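Keep in mind that this is a model prediction, so the values were computed, not measured.
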Amino acid sequence: MNNIESIKYFTPELTLVITAVVILLLGMRFGFAHRPEPAEGMGARRLLPLLTLTGLVVSMFFCAKLLDGFQPTYLFSEMIALDRFALFFKIIFLVVTGFIIMFSIPYQSNADKFAAGLQPEYYVLLLISTLGLFCLSAATDLLMMYLAVETVSISSYILTAFLKGNRKSSEAGLKYVIFGAVASGIMIFGLSLIYGLSGSTNFEHIPILLASGSNGLQPVLLAATIMVIVGLGYKIAAVPFHMWCPDVYEGAPTPITAFLSVAPKAAGFAVLIRFFYTVFSFQSGPETWSLTSGIPWPTIFAIICVLTMTLGNLAALWQNNLKRLLAYSSIAHAGYLMMGLVLLTGRGLTAILIYLVIYLFMNLGAFMVVIIFSRAIGSEDIKDYKGLGWRAPLVGVIMCIFLFSLTGLPPLAGFIGKFYLFAAVIEAQWYWLAIVGVLNSVISLFYYARIIKAMFLSGLPDESAPNLSRLSIPGYYTVLLILLVLPVLVLGIYWEPLYNFAAASLEFL
């Protein structure tokens, strides 16, 4: 479709843009950034997160409407795709951003730690980042893919350094932008080589043009492929492109850390699947793909997968800061997800989609508990979690559920996610990869158990002790935790609708 015809199918993205513009205009009207006291204009400030959530809900409505009886097609002269695969990820991004906004509403009450509640730019940047994630998951052109990556990256850099008076936040933002600039530069060079070899930037046209070229260009194509892997591997924090992750996760505001741990990672896998399964492979059967270019990218990803799982889990064993521990945990989960990428089967890709949805709830839930306890005790160190399970029993038990689910223990949703991943790996006869994955899951139990031990086994339930007095947890936090823990419990028992939705979403252009 041309640009004009495509607009009516671009309503989810347009909703995000309109919402961001309205919030900016409100910021100019009320001058939030110039008000010295948080109490001034609080009514208008409370309007900002509500307006942002409204925009996300409306965008979700348009996504659901597009899902109901449409034919997959290209938009804007084949720059992006409108298909079930893209809509699946768009729904994930909207859910994640919605939870992050809700995380931020109480978090902004402490203005000296988090000034987001005073500035509409915070909500605008989240909306812009979500827009970039939308375009990244639907990109079918090298230029659109790069522009979407940069849209997500630049807004993420600013959000990471949003705590202006916090040295760790500023340091995290600086490290993030330096690593991001290097990764983006390497990737754009690789994309330029692919364009030079094929003469096209369209995912569908590139393999056709490459097939008609000379075999002598194979080394250059391999180098270009590795460069693209560097750029996209950086987005999912895969080893050895993970160096930024622990410092950024520790220094960023915790809601933004939660956002970075799920949304860009999901978008990274979306573009990895669409790019490599379209440009460097073709569908040779109902649920199987074969390589077209002779580039052994599944083998490259298998090596990265093993390194990512192993380093992430082993490094997490020695962490004392909970956000850094969850950062290495996030790296390890990227390794688990890559197992499904290397198989060249529909079951492997379906397992990735299932795991991403489950990972969304259990990882956001773990960070929600970090926010709650950080607000209550002013610390993110595991040693300071001593006895918190007795001081806040409901939050402690829910945290255990999230951690056991991240480990992959039944009957929780994390077990179902890993079951489908390992089953797909075994079915594709990558037995050694399945063994490595299982061993890494066992390792992960040790560092997750450290947190549980600190909460429940390092402090006695003696309420007469002053350091073990009950914590007062706001009801708002409790509601958010319940919203996040229910899917983890339900999907561990009844996951058929999620499986059907993921399998149906595997249709991509």
Side-chain angles (χ1 to χ4, degrees), residues 1-14 16 62-63 66-67 70-93 130-153 184 187-188 190-211 221 224-225 227-229 231-232 235-236 264 266-283 289-293 295 297 341 344 346 349 352-353 504-509:
M1 293 186 184
N2 60 36
N3 294 348
I4 302 299
E5 294 173 334
S6 300
I7 291 177
K8 64 180 179 179
Y9 298 104
F10 206 60
T11 46
E13 291 82 356
L14 289 176
L16 298 178
F62 284 125
C63 286
L66 288 172
L67 269 175
F70 80 103
Q71 292 296 324
T73 185
Y74 290 106
L75 304 180
F76 300 105
S77 302
E78 299 189 3
M79 294 292 286
I80 63 175
L82 177 66
D83 52 22
R84 292 187 179 276
F85 185 77
L87 289 171
F88 179 91
F89 280 93
K90 289 176 183 179
I91 292 172
I92 288 180
F93 303 144
T130 306
L131 174 65
L133 295 169
F134 273 32
C135 295
L136 188 57
S137 65
T140 56
D141 188 275
L142 298 180
L143 286 174
M144 177 55 68
M145 183 175 81
Y146 181 74
L147 289 174
V149 167
E150 289 303 291
T151 300
V152 176
S153 297
S184 295
M187 184 178 73
I188 193 65
L191 295 179
S192 67
L193 288 177
I194 293 175
Y195 171 70
L197 294 174
S198 64
S200 175
T201 58
N202 185 271
F203 287 5
E204 290 284 349
H205 301 160
I206 290 172
I208 299 173
L209 295 169
L210 287 176
L221 185 59
T225 304
M227 291 178 186
V228 174
I229 292 174
L232 298 180
K235 294 307 297 180
I236 63 174
F269 277 98
V271 71
L272 279 171
I273 293 170
R274 193 184 290 275
F275 180 77
F276 282 96
Y277 276 69
T278 303
V279 175
F280 294 125
S281 58
F282 70 98
Q283 192 163 1
W289 280 258
S290 300
L291 300 181
T292 56
S293 59
I295 302 298
W297 63 265
L341 184 68
L344 294 175
L349 298 183
I352 292 176
L353 301 188
S505 300
L506 203 53
E507 300 174 0
F508 56 87
L509 291 169

Engineer: Under the rule for salt bridge (charged side-chain N to carboxylate O under 4.0 Å, His left out), what residues qualify as partners of E13, not counting sequence neighbours?
Structural biologist: K90
Engineer: For the CZ atom of F76 and the OH atom of Y9, what is their distance to the nearest 0.5 Å?
Structural biologist: 12.0 Å
Engineer: Can you name the side-chain contact (heavy atoms from CB on, under 4.5 Å) partners of S184, sequence neighbours left out?
Structural biologist: Y146, E150
Engineer: Closest approach of S281 and T292, non-hydrogen atoms and distance?
Structural biologist: N-OG1, 3.5 Å
Engineer: Where is the tightest heavy-atom contact between M144 and I80, given as atom of each residue plus distance?
Structural biologist: CG-CG2, 3.5 Å
Engineer: Hey, what do you get for CD1 (I229) to CE (M227), rounding to the nearest 0.5 Å?
Structural biologist: 11.5 Å
Engineer: Does F10 CZ have over 12 foreign heavy atoms under 6.0 Å away?
Structural biologist: yes
Engineer: To the nearest 0.5 angstrom, please state how far the CD1 atom of I194 sits from the CG atom of L197.
Structural biologist: 8.0 Å
Engineer: So do Y74 and E204 actually touch side chain to side chain, heavy atoms under 4.5 Å?
Structural biologist: yes
Engineer: Between atom NZ of K8 and atom CG of L66, what is the distance when rounded to the nearest 0.5 Å?
Structural biologist: 11.0 Å
Engineer: Measuring only between side-chain heavy atoms, which start at C-beta, is F85 closer than 4.5 Å to L353?
Structural biologist: yes
Engineer: Checking F275 now: which residues fulfil ring-ring contact (aromatic ring centres under 6.0 Å, His included) with it, not counting sequence neighbours?
Structural biologist: F203, F280
Engineer: Among residues at least two apart in sequence or on other chains, which ones pass side-chain hydrogen bond (donor to acceptor under 3.5 Å, both in side chains) with T201?
Structural biologist: D141
Engineer: Can you sort out the partners of T151 under side-chain hydrogen bond (donor to acceptor under 3.5 Å, both in side chains), two or more places apart, ordered by chain and number?
Structural biologist: none
Engineer: List the atom of A138, the atom of A86, and the distance in Å for their closest heavy-atom pair.
Structural biologist: CB-CB, 3.8 Å
Engineer: For I91 and C63, work out which heavy atoms get closest and say how close.
Structural biologist: CG1-CB, 4.4 Å
Engineer: Which value, rounded to the nearest 0.5 Å, describes the distance between L136 atom CG and L232 atom CG?
Structural biologist: 7.5 Å
Engineer: List in chain and number order the residues that pass salt bridge (charged side-chain N to carboxylate O under 4.0 Å, His left out) with K235, two or more places apart in sequence or in another chain; answer none if no residue qualifies.
Structural biologist: none
Engineer: Where is the tightest heavy-atom contact between W289 and G346, given as atom of each residue plus distance?
Structural biologist: CZ3-N, 3.6 Å
Engineer: Which value, rounded to the nearest 0.5 Å, describes the distance between I295 atom CD1 and T225 atom OG1?
Structural biologist: 4.5 Å
